[in-house]
Amino acid sequence: MSGGRIVVAGLTKQYKELRAVDNLSFNVEPGRITGFLGPNGAGKTTTLRMLLGLVKPTAGTATLDGQRYADLKDPLRHVGAVLEASSAHKGRSGINQLRVICAAAGLPRGRADEVLALVGLTPAAKRKFKGYSLGMRQRLGIAAAMLGDPRVLILDEPANGLDPEGIRWMRDLLKGLAAEGRTVLVSSHLLSEMELLADDLVIIAAGKLIRQGPLAEVMDSMGDIGTVRVRTPQAEAFAKQLTEQGATVTPAEGGLLRVSGLDAPAVGRAALAGQVELHELTTERPDLERVFLELTAGKAGIR
Amino acid sequence: MRLVRAELVKIRTTNAWWLFTLTAVVLAALTFLLNLVNTNYLLDHTDALTEGLGPEQQQAILAQLKPDVIAANLGTSGQFFGLLIVLVMGVMVATTEFFHQTVTTTFMTTPHRSTVIGAKLVASALLGALIWLVTSALTIPATLIYLASRHLDAGLGDASVLRAYGLNLLAYVLWAIFGVGFGVLLRSQIAATVTAIILYLAGYIGALIIFSVLENWLGWEWIQKLQVIVPSLASQLMVTNAELPGSPPQWLGAVVLIAYAAVSGVVGTLIVRTRDVS
């Protein structure tokens, strides 16, 4: 499996009064899961729809291996997308939804049964869509996206409506697909889920790029909000020592200190130098939620 | 071609197609029976009915009782409702996608939107033809049996009868296409369906009234001839068996109807091509 690089360059969408996406540029690499994060109304869905040729950009381009979506010869064989779980005819059975797409995309009819089995919906194949739960609808959407065995998968808020088991299933599925070398782009506001799932992050707010890069880098770039937890019987003395070295120390009960301004190795060295007995030394990584709130602070709001 | 097949699969995999077909068949059967009773009565009581009438009126009644006119009339029973049904069906073929938001998937599968609309036009035309076939499979044999039972000599060998049936088919196809164009134009399923039905019915009744009022008011005789620009009346003109004195030629009705189907389809396609799907 080769190719599948998504390049978004200067992408802009101006609605009458609202600039939904504002000069947005980012890359999505194959073989990795990229989390596309932003508060509600940040322009995530509009961006994905422009990437899929459904919405016309005001300026800029979104390309897949250098080609616009509309110029792909058999788009479903390149890109699979799950946009909203409700987009199916209520009176049509699950298997028939897929057969319609097979017919339109020139795929063999049997693919419908294969992908339905892949998402575990075979028992509900003949049930009408209106009888599907939200979780089943999401699974059907993923099945539809997999019909053409695409190199690129694009999912808009796929975890919506999934129960914990469903979320776990989807995480494993997407990780497996990325491991096969496919490009996986997942938009979400479920930050904790992204932390477990994504390799790379693209964070936007108010239509603008806030940050992009590997998950760890994005988190580290927010290092100043991280703290080090230290537990020691000599809490008072050690706090004083650390403060002298320029750290900010917040003492807590049970000999616990929260140290910011120094990283864990520095705190460890300080303890060694001061002959302080340590019972615990942990870096408290800022969780994604805090990074996210920090980065997008003041930029969400109603637009 | 595979898009036309996909459109047919879409229709076949919902309840809509057999509901439409069933309604068309039932209504065709009912109108056929009504026409049959009426014709039978006229045939049985011709003398009594024409007694004391002026020669012109007598002529008019007798003209209706010519075997080929009876054959055409009975064989195309159900047309009034049949055309309405294919119109609504065409509207549904286009608007269901917007209603259920499946248009997202459809346009992702086929980014060239004009070919999607083209496939819808073709599929809808095929369905219109299918509904014509199903209703005609009922009315035409029944007509032939009736004619034989009355020892009237007319049938499929008769050019004017064949033409009436053929034009009936053309009307079904054109109204189905018109429906798709209309649906693409309006997008809202409810608005498009209601407007189409009103246009169809009002076209028959309202336009007739408006045009005669205009004619009386302005005193211009040619205004009556403009009736042909109303789709329903154009359709009626096209399928009328006999050339009536004073009315525009039959082919003009066909031309007007084809123009409507083409214009609505093309304008709808042009709009859909650039519109954002969200």
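Proteins come first, then strands; the chains are lettered A, B, ... in the order of their sequence lines, and each starts at number 1.
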S.K.: Considering the options Arg113(B), Glu97(B), Gln101(B), Glu7(B), which one meets the side chain to side chain donor-acceptor pair (under 3.5 Å) requirement together with Thr106(B)?
M.R.: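 Among the candidates, only Glu97(B) passes.
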
S.K.: Checking Ala144(A) against chain B: side chain, backbone, both or neither under 4.5 Å from a heavy atom?
M.R.: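 No part of it gets close to chain B.
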
S.K.: Would you mind checking which part of Thr13(B) comes under 4.5 Å of any heavy atom in chain A, side chain (CB onward), backbone (N, CA, C, O), both or neither?
M.R.: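 Thr13(B) touches chain A through backbone and side-chain heavy atoms alike.
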
S.K.: Would you check if Leu174(A) and Trp169(A) make a side-chain contact, meaning some heavy-atom pair closer than 4.5 Å?
M.R.: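 The answer is no; the side chains never approach within 4.5 Å.
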
S.K.: Please look at Asp74(A) and chain B and tell me whether the side chain, the backbone, both or neither of the residue comes under 4.5 angstrom of a heavy atom of that chain.
M.R.: side chain

S.K.: Under 6.0 Å between ring centres, would you say that holds for Phe178(B) and Trp175(B)?
M.R.: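 Yes, the ring centres sit under 6.0 Å apart.
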
S.K.: Out of Gly106(A), Ala81(A), Ser93(A), Cys102(A), return the one with the most heavy atom pairs under 4.5 angstrom to chain B.
M.R.: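 The answer is Gly106(A).
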
S.K.: For Thr109(B), is it the side chain, the backbone, both or neither that has a heavy atom under 4.5 Å from a heavy atom of chain A?
M.R.: both

S.K.: Just checking, Arg187(B) and Phe98(B): is the charged tip under 6.0 Å from the six-membered ring centre and within 45° of the axis?
M.R.: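 Flagged: Arg187(B) positioned over aromatic ring of Phe98(B).
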
S.K.: Can you say whether Arg92(A) sits under 4.5 Å from chain B via the side chain, the backbone, both, or neither, judging by heavy atoms?
M.R.: both

S.K.: So which of Thr110(B), Thr14(B), Leu3(B), Thr274(B) has the largest heavy-atom pair count under 4.5 angstrom toward chain A?
M.R.: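 Most pairs with chain A among the choices: Thr14(B).
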
S.K.: Would you say the side chain of Asn27(A) lies within less than 4.5 Å of the side chain of Val8(A), judging by non-hydrogen atoms?
M.R.: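 With C-beta onward as the side chain, the pair stays apart.
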
S.K.: Does any backbone or side-chain atom of Lys73(A) lie under 4.5 Å from a heavy atom of chain B? Answer side chain, backbone, both or neither.
M.R.: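 Interface part for Lys73(A): neither.
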
S.K.: Side-chain contact, heavy-atom cut-off 4.5 Å: Val267(B) with Val184(B)?
M.R.: no

